[in-house]
Number of protein chains: 2
Amino acid sequence: MSEVVSIGRPRKFDEREVLIAVMDVFWEKGFEGTAMSDLVEATGLKKGSLYGAFGDKRALYLKALVFYDETEVAVAADLLRGRNQSDGLSAPDAGYQRIAALLQAVIDAVAVHGDRRGCLLCNAAVDQAPLDPATERSVTASLATLEAAFVEAIRAIPDLIASVEEGRRIARHLQSVYFGMRVLAKAGATVEVLQDAKAGALAGLYPHSH
Amino acid sequence: MSEVVSIGRPRKFDEREVLIAVMDVFWEKGFEGTAMSDLVEATGLKKGSLYGAFGDKRALYLKALVFYDETEVAVAADLLRGRNQSDGLSAPDAGYQRIAALLQAVIDAVAVHGDRRGCLLCNAAVDQAPLDPATERSVTASLATLEAAFVEAIRAIPDLIASVEEGRRIARHLQSVYFGMRVLAKAGATVEVLQDAKAGALAGLYPHSH
DNA sequence: GATGTTTTTGACCGTACAGTCAATAAGTGG
DNA sequence: CCACTTATTGACTGTACGGTCAAAAACATC
């Protein structure tokens with residue numbers, strides 16, 4: 001049972017909202033590029049409160065990564081699994097369309113919102129995973145979720161794969177395309193470049209190509 | 001004609017060696033993660049000498065990026081173009097093998113040397129390109145080199161492509177796989193994961209798959 | 001050896017950083 | 001109203017950072 005009443009002075013902030021603000025800053029600036037003062041400004045909390053509630057900068061970063069996994073990664077995985085009710089891609093043979101939709105979302109982020117933040121998971125993998133074991137564990141866990149979701153989408157393409165190994169191989173290939181597109185987008189690639197990368201990936205998903 | 005004799009006190013260091021040391025540090029730690037004291041330690045030069053010879057930290061970073069382009073990127077591009085004499089892949093129909101060799105090099109870096117630095121170009125794209133226009137320009141230029149080299153390799157696969165547009169599309173797809181594999185490698189992916197990503201990319205390079 | 005030029009060196013500067021802490025505020029239960 | 005607990009606050013600390021500079025050193029020329 002969760003405590004409905006808590007003793008002591010109540011918190012003035014919503015933990016989820018603060019975590020979103022923290023995640024946004026790390027997402028845009030990276031771990032090293034973010035100063036505690038940036039987080040103070042973004043959250044509206046004072047430094048002491050941040051430390052009291054979440055711990056030091058590293059702990060804050062790791063909590064932001066977990067939050068990203070529970071929100072953004074979960075949305076992407078649900079899309080691939082056909083669990084998103086509102087996109088009309090839940091049919092058991094809509095695997096191709098789900099994968100196309102995920103890659104298109106990367107393009108739309110650039111085309112529609114001028115996105116340059118990319119994917120926090122990708123950013124963390126590149127600039128923190130090799131240097132911090134806890135970050136690496138968190139990233140690895142999210143990658144496993146994503147890979148499994150890709151496998152589910154691939155299994156939802158009729159007559160494509162002949163074995164479990166083949167499905168996993170294609171999933172890992174698509175995952176690398178996904179992250180590659182994120183990198184290219186951060187580098188300032190045009191929409192055309194990203195569309196070509198997407199088209200090339202999807203071209204391998206027709207049964208007659210094997 | 002270059003000046004053989006120069007006036008004033010001669011430099012004690014070799015500019016190229018220093019640039020290699022600087023590049024290595026940025027490569028491993030990124031721009032924000034690198035302190036000037038790291039560069040002082042790695043190069044053996046004092047801070048004042050570094051500033052006098054190369055400029056501030058940002059200028060040093062940009063020079064390291066250019067050096068990377070002239071060395072590592074050039075080697076990769078030469079491989080794709082069949083210009084590497086020692087690899088036996090210069091035959092005009094060896095495009096597939098060249099691409100396979102490039103992707104295998106990413107795997108070997110992990111498998112043989114336990115590499116976690118990835119690709120400096122990829123690292124710069126992710127954590128500096130969106131924030132610094134000069135870095136973005138440098139990264140964009142290297143990406144263009146790489147894409148053009150991929151196109152040449154693809155044209156060296158008999159009977160694969162039917163148009164210039166198709167060649168470019170496949171090149172951009174392969175480029176995204178390459179960077180995706182770099183991201184996965186930094187995240188700590190196993191050799192098996194990288195091999196699957198590579199195999200998935202190469203599976204699209206057979207003429208009968210179209 | 002005096003002059004001019006460039007490099008080296010280490011001390012120095014101001015600041016921005018991550019993290020701490022004691023005082024105070026805002027709740028609860030008795 | 002009084003303990004008791006927890007949260008907020010802003011001042012504080014020490015340090016690590018990027019960058020500067022004057023003095024000395026090392027060469028060439030004359």
Side-chain angles (χ1 to χ4, degrees), chain A residues 1-19 21-26 28-65 124 127-128 131-132 134-135, chain B residues 1-19 21-26 28-65 124 127-128 131-132 134-135:
Chain A
M1 295 297 146
S2 67
E3 290 284 338
V4 176
V5 219
S6 60
I7 55 178
R9 180 174 175 173
R11 287 189 173 158
K12 289 197 305 189
F13 62 90
D14 178 61
E15 191 157 332
R16 185 183 168 89
E17 282 175 14
V18 169
L19 223 37
V22 168
M23 178 180 71
D24 282 343
V25 177
F26 280 131
E28 184 187 340
K29 302 191 172 189
F31 179 77
E32 300 283 2
T34 296
M36 286 303 297
S37 60
D38 295 329
L39 300 176
V40 166
E41 189 182 3
T43 61
L45 297 194
K46 305 299 177 183
K47 217 191 297 191
S49 294
L50 278 173
Y51 275 88
F54 300 96
D56 66 7
K57 190 185 175 187
R58 197 106 252 152
L60 226 28
Y61 185 72
L62 290 170
K63 285 188 168 121
L65 279 186
D127 62 34
Q128 284 302 309
L131 305 170
D132 177 53
T135 298
Chain B
M1 294 303 137
S2 65
E3 292 283 338
V4 176
V5 220
S6 60
I7 56 178
R9 177 171 176 173
R11 287 191 173 159
K12 290 197 303 189
F13 62 89
D14 178 62
E15 192 157 331
R16 185 184 167 89
E17 282 176 14
V18 169
L19 224 37
V22 168
M23 178 180 72
D24 282 343
V25 177
F26 280 132
E28 183 188 340
K29 302 190 172 190
F31 179 77
E32 299 284 2
T34 296
M36 286 303 297
S37 59
D38 294 329
L39 299 176
V40 166
E41 189 183 2
T43 61
L45 297 194
K46 306 298 177 184
K47 216 190 297 191
S49 294
L50 278 173
Y51 275 88
F54 301 96
D56 64 8
K57 189 184 175 187
R58 192 111 251 153
L60 226 30
Y61 184 71
L62 290 170
K63 285 184 169 126
L65 279 186
D127 64 32
Q128 284 303 306
L131 304 170
D132 177 52
T135 299

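Chain letters run A, B, ... following the sequence lines, proteins first, then strands; residues in each count from 1.
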K.L.:
I need the CE-C1' distance between A:M36 and C:dT20, as an integer number of Å.
P.N.:
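These atoms are roughly 12 Å apart.
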K.L.:
I'd like to check the side chain to side chain donor-acceptor pair (under 3.5 Å) partners of A:E15; sequence neighbours left out, ordered by chain and number.
P.N.:
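Listed in chain order: A:R11.
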K.L.:
At under 4.0 Å, does any side-chain N or O of B:S6 touch on OP1 or OP2 of C:dT5?
P.N.:
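Result: no.
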K.L.:
Could you work out, with side chain to side chain donor-acceptor pair (under 3.5 Å) as the rule, every residue matching A:T135, not counting sequence neighbours?
P.N.:
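Partners of A:T135 by the side chain to side chain donor-acceptor pair (under 3.5 Å) criterion, ordered by chain and then number, come out as A:D132.
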K.L.:
Output one line per pair: protein atom, nucleotide atom from nucleotides 10-14 of chain C, and distance, for all N/O pairs under 3.5 Å.
P.N.:
from	atom 1	to	atom 2	distance (Å)
C:dG10	OP2	B:K46	NZ	3.4

K.L.:
Rounded to whole angstroms, how far apart are NZ on A:K12 and P on C:dA25?
P.N.:
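So the two atoms are 12 Å apart, to the nearest Å.
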K.L.:
Under the side-chain contact (heavy atoms from CB on, under 4.5 Å) rule, collect the residues that match up with B:E28, sequence neighbours excluded.
P.N.:
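B:R117.
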K.L.:
B:L45 and side-chain contact (heavy atoms from CB on, under 4.5 Å): which single residue from B:L39, B:V22, B:V18 fits?
P.N.:
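It is B:V18, the one option of B:L39, B:V22, B:V18 that forms the side-chain contact (heavy atoms from CB on, under 4.5 Å) with B:L45.
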K.L.:
How sharply is the helix from C:dG1-D:dC30 to C:dG30-D:dC1 bent, taking the axes over five pairs at either end and rounding to 10 degrees?
P.N.:
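One end axis against the other gives 0°.
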K.L.:
Could I get the full list of side-chain contact (heavy atoms from CB on, under 4.5 Å) partners for B:L19, not counting sequence neighbours?
P.N.:
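With neighbours one apart ignored, the set is B:F54, B:K63, B:F67.
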K.L.:
With nearest nucleotides of DNA chain C determined for B:I7 and B:F13 from heavy-atom distances, which residue corresponds to the more 5′ nucleotide?
P.N.:
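The residue closer to the strand's 5' end, by nearest nucleotide, is B:I7.
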K.L.:
Report the C-alpha separation of A:F31 and B:E32 in whole Å, then their side-chain angles, then the decisive distance to 0.1 Å, and conclude whether the side chain to side chain contact (heavy atoms under 4.5 Å, CB included) test is met.
P.N.:
CA-CA 9 Å; A:F31 179 77; B:E32 299 284 2; over 6 Å; no
K.L.:
Can you check the B:L39 CG to D:dG18 C1' distance for me, whole Å?
P.N.:
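From B:L39 CG to D:dG18 C1': 11 Å.
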K.L.:
Output one line per pair: protein atom, nucleotide atom from nucleotides 22-25 of chain D, and distance, for all N/O pairs under 3.5 Å.
P.N.:
from	atom 1	to	atom 2	distance (Å)
D:dA25	N3	B:R9	NH1	3.1

K.L.:
How long is the gap from OG1 on A:T43 to CG on A:D24, to the nearest 0.5 Å?
P.N.:
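The OG1 atom of A:T43 sits 12.0 Å away from the CG atom of A:D24.
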K.L.:
For B:D56, give me all partners under side chain to side chain donor-acceptor pair (under 3.5 Å), at least two apart in sequence or on another chain.
P.N.:
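Partners of B:D56 by the side chain to side chain donor-acceptor pair (under 3.5 Å) criterion come out as none, since no residue qualifies.
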K.L.:
Looking only at heavy atoms, which two atoms of B:A42 and B:A21 are closest? And how far apart?
P.N.:
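So the two residues come closest at O-CB, 3.7 Å.
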K.L.:
Rounding to an integer number of Å, can you tell me how far A:D38 CG sits from C:dA16 C1'?
P.N.:
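Checked: the CG to C1' distance equals 11 Å.
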K.L.:
Can you tell me how far the CZ atom of A:F26 sits from the CG atom of A:L60, to the nearest 0.5 Å?
P.N.:
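Result: 5.0 Å between the selected atoms.
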K.L.:
Under the salt bridge (Lys or Arg N to Asp or Glu O under 4.0 Å) rule, what pairs show up with a residue in residues 38-53 of chain A, not counting sequence neighbours?
P.N.:
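Sorted result for residues 38-53 of chain A: A:K29-A:D38.
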K.L.:
Rounded to whole Å, please give me the gap between OH in A:Y61 and P in C:dA18.
P.N.:
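These atoms are roughly 14 Å apart.
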K.L.:
Would you jot down, in residue-number order, the residues of residues 50-59 of chain B having a non-hydrogen atom under 4.0 Å from DNA chain D?
P.N.:
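Only B:Y51, B:D56, B:K57 qualify.
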